[in-house]
Amino acid sequence: MQYVYYPGCSLKGTGRAYEESVLAVFDKLGIQLAELEDWNCCGATAYMSVDEHRSFALAARNLALAERQAPDTAMVVPCSGCYLTLNKTCHIVKDYPEIAQEVKTALDRAGLEWKNRVEVRHPLDILVQDLGLDTIRQAVVRPLKGLKVAPYYGCQIVRPYSTFDHQIYPTSMDHLLEALGATVMHYPLKTKCCGGSMTGTVPEVGKRLSYILLNEAKKREADLMATVCPLCQFNLDAYARDAAHAYGPVNMPVVYFTQLMGLAFGLSAKQVGLQRNIVSAMGSLKKFCSTGAAGAAATAK
Amino acid sequence: MKIKQSIRYDSERSSQFTKEVVSRPGGEMIQACIQCGTCSGVCPLSNYMDRTPRQIIYLAREGFGDEVLHSRTIWMCTSCYACSVECPRGIKITDAMYALKRMAIERGTYPRRFPIPVLARTFFAMVRRNGRTNESQLAAILFLKTNWLQLLNNARLGLDLIRTGRFSMFKWERIEGRAELNAILSDDGKPE
Amino acid sequence: MNGGNGDGDLRIGVYVCHCGINIASMVDVEKVAERAAAMPHVVVARDYKYMCSDPGQQMIAQDVRNHRLNRIVVAACSPLLHEKTFRGAVERAGLNPFFFHMANIREHDAWVHENRDEATTKAIDLIRAAVRRVGHHKALERRTVSINPNVLVVGGGIAGIHAALKIADAGRRVYLVERELSIGGHMAKFDKTFPTLDCAACILTPKMSQVKDHPNITLWTYSEVAGVEGFVGNFKAKIRRKPRYIDEETCVGCLECIEACIFKEGKFPDEYNEGLSKRKPMYIPFPQAVPQVTAIDPETCLHFKTGKCKQPCVSVCDRKAIDFDQKERIEEIEVGAIVIGTGFQTFNPTDRLPQYGYKILDNVYTALEVERLVNSSGPTGGEVVLRDGSRPRAVGILHCIGSRDTKTNIWCSRVCCMYSLKLAHLVHERTKAEVYNFYIDMRAPGKGYEEFYNRLLEEGVHFIRGKVGGVTDWAMVPEEEGRLVIRVEDTLGGFVRRVPVDMVVLSTGLEPRADADDVRRTFNISCSTEGFFLERHPKLAPVETASDGIYLAGCCQAPKDIPDTVAQAGAAAAEALALIDRGEVELEPNTAYIDADECSGCKSCLSLCPYNAISFIEEKKKAEINEALCKGCGTCVAACPSGSIIQNLFEDDEIFSEIAEVLSDV
Ligand SMILES: Cc1cc2nc3c(=O)[nH]c(=O)nc-3n(C[C@H](O)[C@H](O)[C@H](O)COP(=O)(O)OP(=O)(O)OC[C@H]3O[C@@H](n4cnc5c(N)ncnc54)[C@H](O)[C@@H]3O)c2cc1C
Ligand code: SF4
Ligand code: SF4
């Protein structure tokens with residue numbers, strides 16, 4: 001199995017642990033990821049509200065590059081924001097001929113061609129649909145027995161375009177985490193917005209939304225929350241202190257689902273970037289870490 | 001007690017406004033809205049909005065442009081698409097919100113304290129220069145330009161990020177094909 | 001075989017029904033059965049979950065055989081529901097079906113009480129009374145009478161037309177009586193019909209001509225039913241045919257006479273066009289009228305008013321069809337069944353709702369008027385123009401005028417939302433005006449209706465949720481000058497609005513015709529509280545009435561659209577045909593008879609009988625009841641001063657013994 005890999009800006013910055021764990025886990029499972037050469041910013045959802053057309057053009061360059069680099073190969077996009085922007089661009093040009101024309105003109109200027117053939121897919125989709133839970137189960141060397149996880153998908157990987165799971169109550173990550181041996185709880189807020197995009201504009205509300213998510217996981221006695229989105233992870237992890245300050249103490253680590261996979265597959269905490277959490281998850285994860293040293297390193301200040 | 005008269009005259013409406021919304025991607029279907037309120041029911045932000053998403057669609061359909069573009073609602077929308085996937089009439093509410101945001105920016109009617117245009121300009125300049133963004137820099141510039149006090153408040157967060165190796169203030173992510181990118185972004189009819 | 005009648009021989013079976021939990025939850029049915037078993041002459045008493053079920057009925061039959069029962073009491077629901085069922089069961093078991101009595105322990109007991117002990121006691125009392133009564137029952141024979149196969153259809157709207165055609169196609173003779181000059185009813189006034197927007201005339205006119213040409217249909221327009229006598233299968237009706245002063249048989253509908261009329265221009269309000277155009281005294285209601293026969297309006301005709309007209313109409317008619325001496329005629333017919341399809345009238349806002357400005361402000365119209373305006377054969381040839389001939393730039397359609405309001409009519413008229421959408425579409429199509437609908441709720445619950453609503457939304461018609469407070473020509477701002485201003489709470493926007501328009505359409509509701517009560521009396525049927533004719537059962541007998549052999553179709557029963565009207569008309573036709581095909585009807589043997597020995601010949605009863613069933617035999621100086629005519633109403637029984645009239649099923653023994661028992665505890 002082979003895919004083009006589009007990291008996006010977050011995975012090179014604040015979402016570094018996501019990249020580390022995705023690459024490690026895919027490698028462990030024997031799936032090859034070839035990073036898209038010279039990729040650029042996806043176009044970003046926030047920017048869409050200012051200049052939609054340029055957003056589409058930015059996205060289109062990536063899609064064109066992907067088709068050139070590996071024709072008929074799907075592109076894996078872990079970041080929900082990028083996933084949405086790239087997918088949206090594919091859909092929009094189908095629905096709006098004028099926009100399609102504009103995008104084409106822009107690409108023409110750069111001598112690029114995009115046939116709208118490349119599929120934009122999320123790692124979760126690939127792991128569950130293409131690889132299958134059985135294979136994943138077989139790769140588990142250290143089942144996450146007793147780990148209580150609140151599965152948090154966020155909004156933009158299931159909405160509005162993806163077809164691999166339900167748009168309001170998805171379950172693919174639930175099943176995946178169960179395959180790792182974890183206990184996955186019913187988490188009613190699994191696709192409720194984390195407020196990430198509001199921290200810059202209306203911080204009171206952004207904080208409030210984050211607090212609601214964290215607190216609900218705590219009330220349900222989760223050890224941690226698992227997520228698929230670097231924006232949600234950053235928001236919930238980095239602003240947890242602010243949220244707690246405003247609304248009450250809540251200590252709820254948020255990790256990437258791929259980090260949990262890595263641990264279950266026998267990788268070390270460091271290999272999956274667990275040391276990058278601001279709200280440490282080691283309290284409940286220590287017992288699943290391969291060596292004491294790695295665990296210690298991850299918890300060390 | 002101050003008595004305020006409130007009644008809407010027809011002159012406060014503009015069918016041109018409705019036409020403009022309808023002509024933008026996402027706005028096409030707003031006239032099909034049956035005002036069921038599903039969108040507001042599922043919207044995680046509706047309880048913080050001054051007008052619910054349903055009302056925004058309604059006011060846009062009826063042509064109350066000023067009211068729509070001055071509403072906080074369009075800026076509260078976090079693009080979670082909950083409404084869009086649930087709307088029984090298949091209205092692309094989130095995209096309509098985008099369209100309204102853009103109309104508000106074009107007309108300069110966004111709330112003063114919103115750093116939206118600064119964010120956009122900074123973002124665009126950065127992408128144009130490097131092809132990629134650096135969130136840390138973006139955040140820093142944003143805070144400096146709009147509300148530098150907030151930067152101080154966030155110093156602790158900065159430290160946390162540095163400690164966990166997630167902060168890359170001084171590392172440039174740059175693409176090779178910058179000329180190519182500039183060509184793409186140069187003259188697509190949309191001024192910066 | 002029918003069992004004895006003497007007390008010594010009585011062997012009674014009592015059956016107590018649980019009716020699921022309907023009875024059993026409030027009445028201790030086991031205890032009741034136990035007590036019943038101990039009552040005099042009761043041989044078996046049982047309780048059972050559903051007595052009306054097959055096993056329940058078989059249980060009775062088996063007991064009759066095994067225990068040689070000769071009287072049966074079932075304590076269950078209302079006899080209205082299942083008396084027939086159990087009489088059948090008793091008959092199949094080999095007993096006379098009238099050796100049976102039913103005690104109602106559901107409607108009269110379980111459903112109306114809250115104390116289980118008391119309800120149980122009451123059930124026991126009711127059963128004891130029934131047990132006593134059934135001992136006095138006699139074996140009776142049912143009478144049968146044959147059914148006249150002709151059918152009278154009253155009202156020539158789409159309901160009457162459809163029912164008449166169905167019955168006539170089945171080979172039966174139909175008399176179709178229509179009050180107006182042409183059949184067609186309201187539908188004939190519409191241009192298009194929702195939700196498909198198909199042309200009303202295109203679908204209605206062919207049916208109207210079929211009526212005219214059908215060999216089995218006798219069509220009497222400009223006629224009314226003057227009176228009805230008789231009963232199911234054997235009605236006698238008198239039809240009053242008003243003079244139109246044109247001989248229907250000779251007139252060929254060339255319309256030369258209208259052309260020739262001394263009035264060169266129409267001068268009198270044209271009723272068919274809702275007064276929006278003028279007609280002459282000689283006229284035909286509309287071009288596709290059936291029959292194609294003109295009529296003279298004596299109220300406006302110069303000849304009738306002054307006797308001094310030169311009568312150019314007469315000279316131009318070479319068929320000599322004009323007959324100023326035509327008189328009212330009465331036709332007498334006999335029919336076995338009657339279908340009533342007299343339709344509705346629209347709510348008239350004049351005086352009753354002045355706040356909407358109808359008849360006060362020039363450009364306020366009713367929906368029916370606008371139906372005529374958008375109609376290509378209407379007063380403006382389908383142009384939607386204001387009274388001054390100009391085109392409206394904005395039009396407001398106000399829903400629920402006269403409906404859903406305790407001050408006018410409380411009910412929802414069911415079709416106004418949809419016809420408002422239709423008019424919105426047509427007006428927008430013809431004028432390109434901005435169209436506003438003001439509504440309380442949008443009701444679109446028919447096939448293709450929601451889709452039609454969606455279509456209108458997408459066409460850009462405005463939908464403002466709020467009942468309009470008023471329509472005024474009082475302008476507050478310059479843009480309102482010279483226009484009509486609608487003031488409304490925009491409940492969805494959350495503010496009050498003033499919307500200036502050039503034309504206001506009042507979507508008036510449907511209500512019973514002003515003469516519905518007279519019609520009800522003529523046919524001896526009932527009206528529900530709002531005045532529409534009452535069906536026998538709201539769910540299970542929607543086209544029957546409480547009077548056997550009389551059926552309802554269309555809006556005379558309740559507001560409904562054309563699809564539902566046609567469906568109901570079809571159902572009414574089927575009911576009438578089913579009745580006729582039976583050939584004969586069985587009548588309840590509840591007729592009265594006179595004990596000749598007791599009759600004093602006072603004649604008090606003679607005039608009282610509503611069915612003229614009592615005659616006086618001069619030779620014997622005694623009254624006698626014609627059993628075939630007696631309907632068992634009991635009037636004479638109660639009136640006879642010497643108590644010599646006896647009614648089967650309600651004999652003194654039966655009733656007094658029942659009363660005595662039911663009260664024995666008190
Ligand atoms: C403005 C308006 C628009 C409408 N548009 C539509 C539409 O687009 N689509 C749709 O499906 N429905 C529509 N409807 C409803 C439709 O009019 C009715 O469903 C239909 O007319 C009912 O038919 P009917 O035969 O029961 O009654 P009517 O049409 O009222 O016909 C009754 C007939 O009986 C006659 N009559 C009355 N009393 C007597 C008497 N005592 N003796 C003899 N004859 C008598 C009358 O003269 C009349 O000819 C509309 C209604 C209105 C008010
Ligand atoms: S969910 Fe759709 S139809 Fe319902 S109010 Fe919102 S936009 Fe309108
Ligand atoms: S996309 Fe915007 S309006 Fe719609 S539910 Fe999410 S936040 Fe609310």
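Here is the naming used below: chain letters follow the sequence lines, and residue numbers restart at 1 for every chain.
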Report the option among S10(A), A238(A), S197(A) that has the most heavy-atom pairs separated by less than 4.5 Å from atoms of chain B. S10(A)

With chain B, which of E204(A), K192(A), E52(A) has the greatest number of heavy-atom pairs at distances under 4.5 Å? E52(A)

Check whether any side-chain heavy atom of [X] sits under 4.5 Å from a side-chain heavy atom of [Y], and report yes or no.
| X | Y | value |
| --- | --- | --- |
| I99(A) | P25(B) | yes |
| E28(B) | Y96(A) | yes |
| Y48(B) | V202(A) | no |
| F234(A) | L161(B) | yes |
| S84(B) | R159(A) | no |
| V127(B) | R54(A) | no |
| N47(B) | R208(A) | no |
| N134(B) | K12(A) | no |

Residue [X] versus chain B: region with a heavy atom under 4.5 Å:
| X | answer |
| --- | --- |
| T105(A) | neither |
| T191(A) | neither |
| L189(A) | neither |

How far does OH of Y98(B) sit from OG of S55(A), to the nearest 0.5 angstrom? 8.5 Å

To the nearest 0.5 angstrom, please state how far the CG atom of L107(A) sits from the CD atom of E180(B). 9.0 Å

Minimum heavy-atom separation for N277(A) to R166(B), with atom names? CA-NH1, 4.3 Å

What pair of heavy atoms forms the shortest contact from T78(B) to C193(A), and how long is it? OG1-SG, 3.1 Å

E176(B) (side chain) donor-acceptor with E37(A) (main chain) under 3.5 angstrom: no

Toward chain A: residues of residues 10-18 of chain B with heavy atoms under 4.5 Å: none

Heavy-atom contacts under 4.5 Å, residues 100-108 of chain B to chain A: K101(B), R102(B), I105(B)

Picking from L185(B), L181(B), I184(B), what satisfies side chain to side chain contact (heavy atoms under 4.5 Å, CB included) with N40(A)? L181(B)

